[in-house]
Amino acid sequence: MIQALKGVRHVTSGTMKQAVTELCVPVPWGEIRGKVWGPDHGHPVLCLHGWADNCGTFNTLLPLLPKDFRYVAMDLAGHGCSSHRPPGVLYAFPSYVMDVRRVVDALQWSKFSIIGHSMGGNIAGMFCALYPEMVDALVLLDSYGFLPTDPKEMPKVLREGLDEMIEFEKKMGEKKTRLYTYEKAVERLLAGNPSLSEESAKILLERGLVKVEGGVLFSRDFRINLRNVARISLEQSLELQSRIEAPVLVVLAESGFEKMFTEPDQKKYTSALLQAFRDRRNTVVQVPGNHHVHLNDPEVVAPLVSEFLQNKALSASTGSDVVHPPKL
């Protein structure tokens, strides 16, 4: 079944009781695709996946969350089933934020909640800072909401990102697209993402592969692997964070980013961001698991997210300090 709404196309699959629809939003260079769970009248929640993932990252978590919410999970540009950006265009955080605005405008949402994992959490943090009146609750899954860079490193990072793009474009004509068998594609994804279980990898590959003659191709745009040139400092991150009006739940995995960002400079940045969230009476929670705990073991994360959405999505009140949930 196809329903049209202001340029938004929903393709229904499954039973009507457990219907999941495919979202398609036209954009100037193609389409932003995604998946939708929940009733039409449900309180809207936008779900943003991490770098090189796709909206399938929420497949196991969303069915465990409150049924009276309307969950829309986007494939970010260049990921999953969404169109790649035009030739010559870099992938940068402000562009992703603009894509979020395009999608919520097409959906005619004026107030909604956001769940963001990893890079999706950073996109969510920036969106909430720029459009605070539009977001009533923010959930960050193994994300700090912002990723600061030392200002002294910015010229180097910017130059490297530009040079990588130039080199990528030079090799585009001569580089052959690599074909995989499905089994080899699973192996490659697992090798590059040790935090994924095999089952989780297969879930992501449902939208991460394209069948062609002789095998499968990865659907993502490999320009997303190039260095991000749109950087902000810790001072800028804290200023943006201070503009977030929505209550925030930060769910950190014990073996996730907390283990990855261990250098003194990195720890200084992440500690400052987390402390600023606490100072504004937001909630920081640590759970057992790794960077993809929400996909691998959703039952660990679901009760926390469910309670937060039910209590905070329509309220300005927040929790406070770090809490350690009981073993589930």
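Both backbone and side-chain heavy atoms feed into the values below; hydrogens, waters and symmetry mates do not.
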Margin query: What verdict does the ring-ring contact (aromatic ring centres under 6.0 Å, His included) test give for F58 and H49, after you've listed the backbone C-alpha separation in whole Å, the side-chain angles of each residue and the deciding distance to 0.1 Å?
Written below: CA-CA 8 Å; F58 297 104; H49 64 77; 7.7 Å; no

Note to self: Between R223 and E169, does any side-chain N to carboxylate O distance fall below 4.0 Å?
What the structure shows: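 No, no charged N to carboxylate O under 4.0 Å.
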
Check: With sequence neighbours left out, what residues match E167 under salt bridge (Lys or Arg N to Asp or Glu O under 4.0 Å)?
Finding: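 Here the qualifying residues are K170.
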
Tell me whether [X] contacts the main-chain N or O of [Y] through its side chain, where contact means a donor paired with an acceptor under 3.5 Å.
X: R231; Y: N228; value: yes
X: Q286; Y: A253; value: no
X: K67; Y: P63; value: yes
X: S143; Y: S118; value: yes
X: Q266; Y: E263; value: yes
X: W37; Y: T21; value: no

Next item on the list: Show the numbers, then the answer: is there a side chain to side chain contact (heavy atoms under 4.5 Å, CB included) between I115 and L46?
Entry: CA-CA 6 Å; I115 301 174; L46 188 71; over 6 Å; no

Which value, rounded to the nearest 0.5 Å, describes the distance between [X] atom [atom1] and [Y] atom [atom2]?
X: L48; Y: C55; atom1: CG; atom2: SG; value: 11.0 Å
X: Q275; Y: L238; atom1: CD; atom2: CG; value: 11.0 Å
X: D142; Y: S195; atom1: CG; atom2: OG; value: 8.5 Å
X: F146; Y: Y269; atom1: CZ; atom2: OH; value: 15.5 Å
X: L76; Y: N54; atom1: CG; atom2: CG; value: 9.5 Å
X: T283; Y: L140; atom1: OG1; atom2: CG; value: 11.5 Å

Would you call [X] and [Y] a side-chain contact if the rule is heavy atoms closer than 4.5 Å?
X: V250; Y: V285; answer: no
X: K312; Y: L249; answer: no
X: R280; Y: S242; answer: yes
X: H117; Y: H292; answer: yes
X: P148; Y: L273; answer: yes
X: V45; Y: V72; answer: no
X: L107; Y: P44; answer: no
X: F308; Y: P247; answer: yes

Do you reckon [X] sits in the same ILVMFWY cluster as [Y], going by side-chain contacts under 4.5 Å, direct or chained?
X: L234; Y: V157; answer: no
X: M154; Y: V229; answer: no
X: V20; Y: L64; answer: no

Which atom names give the shortest non-hydrogen contact between [X] and [Y], and what distance separates them?
X: P39; Y: R70; answer: O-CD, 3.1 Å
X: A52; Y: H79; answer: N-NE2, 3.2 Å
X: S200; Y: N296; answer: OG-OD1, 2.5 Å
X: A246; Y: N282; answer: O-OD1, 4.1 Å
X: L189; Y: A201; answer: CD2-O, 3.6 Å
X: L295; Y: I203; answer: CD1-CD1, 4.2 Å

With a 6.0 Å cut-off (strictly less than), is the heavy-atom count around [atom1] of [X], excluding the residue itself, greater than 12?
X: E235; atom1: CD; value: no
X: E160; atom1: CD; value: yes
X: K111; atom1: NZ; value: yes
X: M98; atom1: CE; value: no

Checklist line | Residues that Y182 engages under ring pair (Phe, Tyr, Trp, His ring centres under 6.0 Å), provided they are two or more places apart | finding: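 Testing Y182 for ring pair (Phe, Tyr, Trp, His ring centres under 6.0 Å), a comparison that skips the adjacent residues, returns none.
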
Next item on the list: List, by chain and then residue number, the residues other than V212 in its hydrophobic cluster (Ile/Leu/Val/Met/Phe/Trp/Tyr, side-chain heavy atoms under 4.5 Å); write none if there are no others.
Entry: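 Traced through the cluster, V212 reaches L179, V210, L217.
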
Notebook entry, point to check: Residues in side chain to side chain contact (heavy atoms under 4.5 Å, CB included) with K267, at least two apart?
Noted result: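 Counting only residues at least two positions away or on another chain, K267 forms a side chain to side chain contact (heavy atoms under 4.5 Å, CB included) with E258, T270, S271.
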
Next item on the list: Kindly indicate whether a cation-pi arrangement holds for R101 with F127, taking the cut-offs as under 6.0 Å to the six-membered ring centre and within 45° of the axis.
Entry: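 Not satisfied by the 6.0 Å and 45° rule.
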
Next item on the list: Please confirm whether R188 makes a cation-pi placement over F218, using NZ or CZ under 6.0 Å from the six-membered ring centre and within 45° of the ring normal.
Entry: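 The answer is yes, since R188 meets both limits relative to F218.
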
Notebook entry, point to check: Quick one: side chain to side chain donor-acceptor pair (under 3.5 Å) pairs with a partner in residues 56-66, sequence neighbours left out?
Noted result: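 Output for this query lists K35-N59, T57-H294.
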
Notebook entry, point to check: Can V284 and Y144 be said to form a side chain to side chain contact (heavy atoms under 4.5 Å, CB included), step by step?
Noted result: CA-CA 10 Å; V284 180; Y144 303 102; over 6 Å; no

Next item on the list: Check the pair F277 / D279 against side chain to side chain contact (heavy atoms under 4.5 Å, CB included), numbers first and verdict last.
Entry: CA-CA 5 Å; F277 276 128; D279 290 345; over 6 Å; no

Acceptor/donor pairs from residues 81-95 side chains to any protein atom, 3.5 angstrom cut, sequence neighbours excluded:
from : atom 1 : to   : atom 2 : distance (Å)
S82  : OG     : R33  : N      : 2.8
S82  : OG     : D75  : O      : 2.5
S83  : OG     : E31  : N      : 2.8
S83  : OG     : E31  : O      : 3.4
H84  : NE2    : S219 : O      : 2.7
H84  : NE2    : D221 : N      : 3.4
R85  : NH1    : D99  : OD2    : 3.3
R85  : NH2    : D99  : OD2    : 2.5
Y91  : OH     : R85  : N      : 2.9
Y91  : OH     : D221 : OD2    : 2.7

Check: E206 and K202: salt bridge (charged side-chain N to carboxylate O under 4.0 Å, His left out), yes or no, with the steps?
Finding: CA-CA 7 Å; E206 290 175 10; K202 290 178 178 178; over 6 Å; no

Notebook entry, point to check: Do S233 and D150 get their side chains close enough for a donor-acceptor pair, meaning under 3.5 Å?
Noted result: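 The criterion, which ignores hydrogens and geometry beyond distance, is not satisfied for D150 and S233.
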
